[in-house]
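Take a look at the structure below.
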Amino acid sequence: MYIHEIASKKHIADIESLMDLSIRKILGDKLNVGELEAARESMGMDTQLIADKTYFLIKKDKIIVGSGGYSFRKTLFGGNHTPNRSNDLLVPGEDSAKIRAMYTHPDWTRRGVGSYVLELSEKSAQKLGFRSAELMATISGILLYEKRGYEVLEQIEYESKLGNKVAMFKMKKKLYE
């Protein structure tokens with residue numbers, strides 16, 4: 001039903017538009033103004049994923065309906081602007097791959113886009129030797145991740161520079177060959 005391609009620098013503007021729309025329409029309906037500000041600070045474009053060629057664009061009839069990927073670096077979540085980032089490499093077999101930056105166009109929710117991104121990311125991470133995957137879920141994604149076998153390890157409150165807070169959920173899944 002869907003096709004995918006590895007994102008490149010030429011796709012950045014399209015990805016940013018998708019991210020903004022997804023955050024505003026999907027997450028925005030579930031959060032108050034302060035929580036949404038904190039969520040926006042904790043999310044966004046991470047060009048390291050594009051440079052590492054681990055970020056997928058999901059298309060239906062040449063239209064981008066979703067995006068997301070994985071990382072073999074320590075940063076669990078966030079965009080280029082998010083504090084506390086680390087580009088240190090993970091150790092396959094010891095560390096968990098990081099599922100990152102998943103966004104779905106609001107017109108395409110509940111149609112398998114997120115599951116497709118997870119499948120692509122998990123299989124790619126397994127090929128690198130990762131035996132588990134971690135992610136940081138927002139309230140809008142937690143049900144998808146639970147359905148796909150992820151378990152909540154802890155709930156945190158992300159606090160933005162302005163002092164606003166939003167609930168986030170660190171989740172993990174064992175990957176099997």
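Everything quoted here is computed from the prediction, not taken from an experiment.
The main-chain N or O of T109 is never found under 3.5 Å from a side-chain atom of T104 such that the two would form a donor-acceptor pair. K173 places a side-chain N or O within donor-acceptor distance of the main-chain N or O of R148, the cut-off being under 3.5 Å. Put simply, the side chain of N32 gets close to the backbone of G34: a donor and an acceptor are under 3.5 Å apart.
Note on L21 and I12: separate hydrophobic clusters, where clusters join Ile, Leu, Val, Met, Phe, Trp and Tyr whose side-chain heavy atoms are under 4.5 Å apart, directly or indirectly.
In this structure, NZ on K161 lies 10.0 Å from CD on E37, to the nearest 0.5 angstrom.
Within the 4.5 Å cutoff, the side chain of T138 has no heavy atoms near those of the F169 side chain. The closest side-chain heavy-atom distance from H11 to L57 is below 4.5 Å. The shortest distance between side-chain heavy atoms of L135 and Y150 falls below 4.5 Å.
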Would you check, one step at a time, whether the test side-chain hydrogen bond (donor to acceptor under 3.5 Å, both in side chains) holds for E122 with Y70?
-> CA-CA 8 Å; E122 291 167 0; Y70 71 99; over 6 Å; no

Run the salt bridge (charged side-chain N to carboxylate O under 4.0 Å, His left out) check on D29 and R24 step by step: do they pass?
-> CA-CA 8 Å; D29 289 344; R24 190 166 24 92; over 6 Å; no

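Around CD of Q155, the count of heavy atoms belonging to other residues, nucleotides or ligands within 6.0 Å exceeds 12.
Taking both residues in full, the closest heavy atoms of I15 and A7 are given as CD1-CB, 3.9 Å, listed atom of the first, atom of the second, then distance.
Screening K98, R73, R85 against D46 for a salt bridge (charged side-chain N to carboxylate O under 4.0 Å, His left out) leaves a single residue, R85.
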